[in-house]
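Presented below is the structure to which this report refers.
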Amino acid sequence: MTSHTPTGRIPTRQTSTRHTSGAGTKLPVGVRLAARAARGIARRRHAPALHPFGVSCNGVLEIQPAGPPWGEPWLDDPGVHQVRLRWSRAAGLPGRLPDALGLALRVADAGGPDRPLDLLLTSSGSGPRTRHLPRPRLDALAGPYSTLLPYRIGDREGTLAAHPVVTSPFAPSDLAGLHRTLQAGPVTFHLCAAQPGQAWRALGTLTTGPPHDLPAEDTVSYDPYLNRLPHLHPTGRLGKLREAAYAGSRAGRRADRPKP
């Protein structure tokens, strides 16, 4: 396999925690509580509320359209894109215990200059039902990573997932093991999408680079609601709740940063 050396800065956009809707009305109590809880956890951890510790690297995502168009130019046009990737443990459990794993991608300029796309994937099953359920793992490459909840893809609804190409018998899911796996050489994932009840359909190929020498809690603030494309984004299911939790987590991490 040819190794790619990604270059270039991956842009980051930030917003403050919001407690009102676009019309200025208050959000439901449960949504506000989710934001408050995420903010408190992130502030105590000095890291994201979920997936607090991980390993980061750059990568290359090659979109290779196949089949009928989706109605989203980024997926329908062939292209090679630089990505920033973070491989993490969801709950931050000790490495000897199985934990749901996260694969976060930031695709630079997916929607044009300074318009990145964030995809947050979690270890899951691959079947029509199990692709929506998180699956804790000791082997990081034992199965796919999916969006769990549905996405709007063009004029359709579906689930996105990254399916690993397994080249080793076992990839430990503790942070040291994830780091060693990335250090050993490129890891390849097939990015796919599936409509409800249908088989996976290939979208492209993701290839990782070597790990960054960064603290485990260091991360880009990935947010699939903030960094999205007009025709590729999470559906409205639980949207307000998840969006508030992401915003609260960002706010909690910023709260303890020293002021210049």
Side-chain angles (χ1 to χ4, degrees), residues 1-6 48 50-64 81-107 118-149 151 158-194 199-214 216 219-220 222 224:
M1 181 183 298
T2 302
S3 175
H4 300 272
T5 302
L50 288 175
H51 300 275
F53 309 114
V55 180
S56 297
C57 70
N58 285 1
V60 171
L61 176 59
E62 184 175 0
I63 297 297
Q64 303 155 323
H81 306 273
Q82 304 298 319
V83 303
R84 173 75 178 267
L85 180 149
R86 186 173 187 260
W87 214 351
S88 61
R89 295 173 62 81
L93 297 175
R96 65 182 180 277
L97 299 177
D99 198 348
L101 304 177
L103 196 65
L105 308 177
R106 171 158 295 174
V107 186
D118 285 353
L119 296 175
L120 270 61
L121 312 174
T122 302
S123 54
S124 69
S126 61
R129 292 185 177 84
T130 59
R131 67 184 60 156
H132 301 292
L133 300 174
R135 177 168 291 182
R137 288 198 186 118
L138 287 173
D139 183 349
L141 298 178
Y145 292 72
S146 89
T147 54
L148 299 183
L149 294 178
Y151 257 62
T159 305
L160 300 173
H163 295 254
V165 177
V166 179
T167 58
S168 61
F170 185 79
S173 65
D174 62 293
L175 292 182
L178 297 178
H179 190 280
R180 288 194 302 270
T181 297
L182 291 174
Q183 190 68 55
V187 180
T188 302
F189 296 86
H190 292 312
L191 184 65
C192 302
W200 293 105
R201 176 176 156 190
L203 301 175
T205 302
L206 170 68
T207 304
T208 67
H212 294 161
D213 187 16
L214 296 172
T219 178
V220 171
Y222 296 94

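Values reported hereafter were calculated over all heavy atoms of this structure, with side chains retained and with hydrogens, waters and symmetry mates removed. If you're wondering where the values come from, they're calculated on a predicted model, not measured in any experiment.
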Practice prompt. Start with the C-alpha distance between His132 and Ser124, add both sets of side-chain angles, then the distance that settles side-chain contact (heavy atoms from CB on, under 4.5 Å), and finish with yes or no.
Written response: CA-CA 7 Å; His132 301 292; Ser124 69; over 6 Å; no
Discussion item. Can you give me the closest heavy-atom contact between Ser123 and Ala100, atom names plus distance?
Written reply: OG-CA, 3.5 Å
Practice prompt. Provide the closest heavy-atom pair for Thr159 versus Thr147 in the form atom of the first, atom of the second, distance.
Written response: CG2-OG1, 3.4 Å
Fill in: side-chain contact (heavy atoms from CB on, under 4.5 Å) between Phe189 and Leu141, worked out
CA-CA 10 Å; Phe189 296 86; Leu141 298 178; 4.1 Å; yes
Worksheet item: Any sub-3.5 Å donor-acceptor pair from Asp139's side-chain atoms to Ala171's backbone N or O?
Response: yes
Worksheet item: So, do Leu105 and Leu206 sit near enough that their side-chain heavy atoms are less than 4.5 Å apart?
Response: yes
Worksheet item: Does Thr205 reach the side chain of His190, with side-chain heavy atoms less than 4.5 Å apart?
Response: yes
Discussion item. Tell me every residue that passes salt bridge (Lys or Arg N to Asp or Glu O under 4.0 Å) with Asp118, counting only those two or more places apart in sequence or in another chain.
Written reply: Arg106
Discussion item. Would you say that His163 contacts Tyr145 through its side chain, given a criterion of any heavy-atom pair below 4.5 Å between the two side chains?
Written reply: no
Discussion item. Checking the side chain of Trp200 only, and the main-chain atoms of Ala161 only, is there a donor and an acceptor separated by less than 3.5 Å?
Written reply: no
Worksheet entry | side chain to side chain contact (heavy atoms under 4.5 Å, CB included), paired with Thr208, selected from Leu85, Thr181, Thr188 | Leu85
Fill in: side-chain contact (heavy atoms from CB on, under 4.5 Å) between Asn58 and Arg84, worked out
CA-CA 5 Å; Asn58 285 1; Arg84 173 75 178 267; 3.6 Å; yes
Worksheet item: Are the side chain of Arg137 and the backbone N or O of Gly143 linked by a donor-acceptor pair below 3.5 Å?
Response: yes
Worksheet item: Looking only at heavy atoms, what is the nearest atom pair of Ala199 and Ala194, with distance?
Response: O-CB, 3.7 Å
Discussion item. Testing Val187, Val83, Leu178, Leu182 one by one against Cys57 for a side chain to side chain contact (heavy atoms under 4.5 Å, CB included), which residue passes?
Written reply: Leu182
Worksheet entry | Min side-chain heavy-atom separation Val60-Gln82 under 4.5 Å | yes
Practice prompt. Check Pro134 against Pro136 and note the closest heavy-atom contact, atom names and distance.
Written response: O-CD, 3.9 Å
Worksheet entry | Any side-chain heavy-atom pair of Pro211 and Val55 under 4.5 Å | yes
Practice prompt. Start with the C-alpha distance between Ser173 and Leu101, add both sets of side-chain angles, then the distance that settles side-chain contact (heavy atoms from CB on, under 4.5 Å), and finish with yes or no.
Written response: CA-CA 8 Å; Ser173 65; Leu101 304 177; 3.7 Å; yes
Discussion item. As an exercise, state the distance from CG of Leu119 to CG of Leu191, rounded to the nearest 0.5 Å.
Written reply: 7.0 Å
Practice prompt. Might you point out which heavy atoms bring Leu97 and Arg89 nearest each other, and give the distance in Å?
Written response: O-NH2, 2.7 Å
Worksheet item: Going from CG on Leu175 to CZ on Phe53, what distance comes out if it is rounded to the nearest 0.5 angstrom?
Response: 8.0 Å
Worksheet item: Does Gly54 offer a backbone N or O that forms a donor-acceptor pair with the side chain of Ser88 under 3.5 Å?
Response: no
Fill in: Non-hydrogen side-chain atoms of Tyr151 and Pro224 separated by less than 4.5 Å
yes
Worksheet entry | Side-chain H-bond candidate by donor/acceptor type, Thr130 with Arg135, under 3.5 Å | no
Worksheet, complete the sentence: For Pro172 and Arg180 the tightest heavy-atom approach is CG-NH2, 4.0 Å
